[in-house]
Amino acid sequence: MIQTEELTKIYQMGESEVRALNGASFTIDKGEMVAIMGPSGSGKSTLMSIIGCLDVPSSGSYVLDGVSVENMNEKKLAEIRGRKIGFVFQQFNLLARTSALENVMLPLTYAGYSGKERQDRAMKALDRVGLSQRTHHAPNELSGGQQQRVAIARALVNEPAIILADEPTGALDSKTGVEIMELFQGLHKENGQTVIIVTHDSYVARHTHRIIKLSDGKIVSDELNRNPIKAGMPRTEE
Ligand SMILES: Nc1ncnc2c1ncn2[C@@H]1O[C@H](COP(=O)(O)OP(=O)(O)O)[C@@H](O)[C@H]1O
Ligand SMILES: [Mg+2]
């Protein structure tokens, strides 16, 4: 469970300061699927990097599964990230000239598994995202949607309780974006993982159960979406 209170993040830019987060408080329960929306510059990525223990807030508290993480050092944060969190980014962030299988095996390198175990787990994750036929292809031999599937397999391979995706459909055409959202929905349903997705596309957001909106580093709305869009529904605008 994610509990934050009055999170702020201030970036010092020479003489001036940028308040990327300005008192954000919310709770996300284990197993929720949530969208975070807001215009460019509203603090979405900053919030994700704090939730994902990539960075700490300037002030405020963040309790993750009962543990205060807001003042942890980099070593402890890295340990929590490795154990609990899988990340997916807009630009996939895959290693070039490296096969899908090796990209997905990478997070297991330091986990003490044998080569065979690493390979088996990576194969299973690639199978889950529908790419078992593409394991030896490098990123430049895959479509954008397939590259994002590899990135999702990489995020899943450690079986994290939380998946954080920052604009995962932002570099994809809308049909492929919807397929990626359906993949997240399937993972959420099967594994009960907490899934948090940043998007500025309200159609993407409406695939989740709850939509939190940010503006100028503050939460300006937080609403349940009782009828998330599901596979096969005709596309309608809000
Ligand atoms: N590392 C940084 N250094 C200075 N300013 C930053 C940094 N990261 C983000 N910002 C600023 O903080 C604000 C929020 O950024 P960000 O969290 O990336 O917003 P979003 O993801 O919603 O576009 C923006 O004004 C941005 O320019
Ligand atoms: Mg961003």
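Reckoned from all heavy atoms, side chains included, excluding hydrogens, waters and symmetry mates. One is the number of the first residue; the rest follow in order along the sequence.
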*Any sub-3.5 Å donor-acceptor pair from Q119's side-chain atoms to K116's backbone N or O?*
no
*N/O donor-acceptor pair under 3.5 Å between N103 side chain and L95 backbone*: yes
*asked:* With a sphere of 6.0 Å drawn around CG of D216, does it hold more than 12 non-hydrogen atoms of other residues, nucleotides or ligands?
replied: no
*Before giving the answer on side chain to side chain contact (heavy atoms under 4.5 Å, CB included), spell out for V69 and V63 the whole-Å C-alpha distance, their side-chain angles and the decisive distance to 0.1 Å.*
CA-CA 6 Å; V69 295; V63 176; over 6 Å; no
*Spell out, as yes or no, whether a donor-acceptor pair under 3.5 Å connects the side chain of D65 to the backbone of M1.*
yes
*Return yes if some donor-acceptor pair links the side-chain N/O of N22 with the main-chain N/O of K218 below 3.5 Å, else return no.*
no
_Any side-chain donor near an acceptor of the partner, H209 and E32, under 3.5 Å_ = no
*Taking every non-hydrogen atom, the tightest pair across A100 and V150*: CB-CG2, 3.8 Å
*Classify the ring geometry between Y203 and H207 as parallel (under 30°), tilted (30 to 60°) or perpendicular (over 60°).*
perpendicular
_Any side-chain to backbone donor/acceptor pair from T8 onto S59? Under 3.5 Å, distance only._
yes
_Rounded distance (nearest 0.5 Å) linking atom OG1 of T109 with atom CD of E102_ = 10.0 Å
*Where the side chain of Q148 meets the backbone of P168, is there a donor-acceptor pair that is under 3.5 Å apart?*
yes
_Over 12 non-hydrogen atoms of neighbours within 6.0 angstrom of CD in E5_ = no
_Using modelled atom types and a 3.5 Å cut-off, is there a donor and acceptor pairing between side-chain atoms of T208 and backbone atoms of R210?_
yes
*From L21 CG over to L7 CG, what is the distance, rounded to the nearest 0.5 angstrom?*
6.5 Å
*asked:* Please give me the minimum heavy-atom distance between Q193 and P160, naming the atom from each residue.
replied: NE2-O, 2.8 Å
